[in-house]
Amino acid sequence: MEAAEDPLASAMAPPEHETDEQRVARESDETRARKISENIDAQIKADRLALKKKKKAVRVLLLGQSESGALQDFQIAYAYRAWTEERVSWRAVIQLNLVRSVNTIVDLLTKEMAQPTSPASPRSMHLPLPTGHDDDEDAYPLSSGSSSRVRIPRVASDPSLRFRTPVSEYHKLLKQRLQPLQRVQRDLEARLGSAATEDTFTAVTSAAPFTEQVQSRTENTILTELQPNPHRPREFFIRSSTGWKAALDKVRPRLSMDARSQENLDEKYEDDDQAGRRLQKRNMKRPRDIDDETTDVLAQCKDDIKALWTDEAVQSILIKRRLRLEDAPGFFLNDIDRIASQDYEPSDDDVVRARLRTVGVQEHRLKFERGSEQGREWILYDVGGSRSCRAAWYPYFDDINAIIFVAPISCFDESLAEDRRVNRLDDSLLLWKGLCACPLLAGVQLILFLNKYDLLEKKLSPYGGAVHAKDYIPGYGKRPNEARSVADFFKQKFGELQKHNSPEPRGFYAFLTSVTDTKATKMTLDTVREGILRRYLKEADLLP
Ligand SMILES: Nc1nc2c(ncn2[C@@H]2O[C@H](COP(=O)(O)OP(=O)(O)OP(=O)(O)O)[C@@H](O)[C@H]2O)c(=O)[nH]1
Ligand SMILES: [Mg+2]
């Protein structure tokens, strides 16, 4: 196309008969306009970059040995609306925690019964079992979808059947009546998947197995050090919407689908005669859900569970075997009335007390729902803390803004579930040391939660465990046997390890926490959040 025919070209063309003076003035105007336009472009680009930096998600890694806890406090504190949707999924976990405690006691009873020193009471040997009136019996479904049922006489409601001898016929009956809970446990474990089983053995002998990966990487691939997430293995990556919650959701959609079809049916048959409608409805009846069956069995066992837990003989067996279930993770036996009811819905408090092992790495995205940081996304990586899981941590070490390390300090007299030879606190200290020393984390903010302070207080108290710290903690000496003193001692130990092992100086941020107290923890989290954010924004400003 010739210039004369192109309207744009003709508009841009210099005026006809332009003098030299006019041309110089025009060209100078054009240069100035171009410069202004370029400046505007550069400003827009800079603003966009700043916005991007500001809105880039803050990435935090939550670390610690298994059974250290803390993630749910974040969700409750800062993304409550999303949390309330998720909370309902925890029902099955809490039911499993409860059923496990019951089955643990029943196992102990069985062991006790097998001992020759605990004969059943002669009186109880001749105890006539209540016969099978319908009033005296409860029917327990044996399995999901199965029509088989066992009939078991009612025991807990009949005080005359109670005996205070160590193990009596009464306990045998209780055991028999609680038998269906074995099946419930298996069902719940199957539904929750591998997270539902504890890691009780590991071949990993190092507290910080990721250090080997650090070494091989520093030796071989210095150049790739600055690449974002070059080795993040996707196979370890379990998003929060998958894993055990997804497994439960496979059951739940069936429920909602059925409810929906029921509604459709109601509309469809609005004008039809009642009989046809009833028939259709009966044919479309929702299949009994596995959730319902678990809840039914628990509700039917409620009185017997209570009877078992409050039984003097059972309590003395627990004391004899030094099993303090009430201080163990996932203890719900004192909440049986609420939890073993048909309409049970977990509270926040229940969920923070629940125990469920994290398998692999779970990503939790939190969008702040309120305040000046509204809309900013935080990504929390929650990783399994047992020794066999720790090698999977390493790929998450780069491109991270902060690490919150949770060290349970009440565990100074306990050993790891996955390796009974290892003291829990020693393991935490070694793990901390490994993190401090890791070159890849040299510039990462480390925040330490000295957690389970409430349990520490209880353990040392004469009315709780009355444990003597000096018997378990090398170097504790004659310090007072008080929680504050033990906490200060460990704080100093963690601080020294950080100071002597960090590749470059870094601040020491340590907090005493009891994360099951969500209100108190919220205050700590506010401080931590501010600290992480301030540093994050400062670093974003320093970026090119
Ligand atoms: N009393 C008390 N219990 C706590 C505290 N912190 C955690 N717990 C309990 O310890 C258990 C921790 O369980 P999880 O949250 O599954 O532990 P985790 O650290 O995620 O463990 P992994 O997933 O195996 O790495 C829960 O039952 C909590 O209730 C605390 O400060 N006080
Ligand atoms: Mg976990």
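Both counts, for ligands and for their atoms, begin at 1 and track the order of listing.
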Is a side-chain donor or acceptor of [X] paired with a backbone partner of [Y] at a separation under 3.5 angstrom?
X: Asp304; Y: Leu178; value: no
X: Gln65; Y: Ser386; value: no
X: Ser206; Y: Ala208; value: yes
X: Thr295; Y: Asp343; value: no
X: Arg506; Y: Cys436; value: yes

*How far is atom 20 (O) of ligand 1 from its nearest protein heavy atom, and which residue and atom name does that atom have?*
Thr358 OG1, 3.9 Å
Between [X] and ligand 1, find which residue part has any heavy-atom pair under 4.0 Å and reply side chain, backbone, both or neither.
X: Asp454; value: side chain
X: Asp517; value: neither
X: Leu356; value: backbone

Under 3.5 Å: N/O of [X] near N/O of ligand 1:
X: Leu455; result: no
X: Gly384; result: no
X: Lys452; result: yes
X: Asp382; result: no
X: Arg353; result: yes

*Please report the closest heavy-atom contact between Pro346 and Trp90, naming both atoms and the distance.*
CG-C, 4.0 Å
*To the nearest 0.5 Å, what is the distance between CZ (Phe494) and CG (Leu450)?*
6.0 Å
Which is closest to [atom] by heavy-atom distance: [options]?
atom: atom 29 (O) of ligand 1; options: Val352, Leu71, Leu62, Asp73; value: Val352
atom: atom 11 (C) of ligand 1; options: Ala417, Ala195, Gly360, Pro329; value: Pro329
atom: atom 26 (C) of ligand 1; options: Ala354, Gly385, Ser386; value: Ala354

_Contact between ligand 1 and Val383 is defined here as a heavy atom of the residue under 4.0 Å from a ligand atom; is it met?_
yes
*Does ligand 1 have an atom that lies less than 4.0 angstrom from a heavy atom of Gln65?*
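In this structure, Gln65 qualifies as a contact of ligand 1 - some heavy atom is under 4.0 Å.
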*asked:* Counting the benzene-type ring for Trp, do Phe412 and Tyr476 have ring centres under 6.0 Å apart?
replied: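 When the ring centroids of Phe412 and Tyr476 are compared, they turn out to be at least 6.0 Å apart.
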*Cation over ring face, Arg529 and Tyr78, 6.0 Å, 45°*: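 The answer is yes, since Arg529 meets both limits relative to Tyr78.
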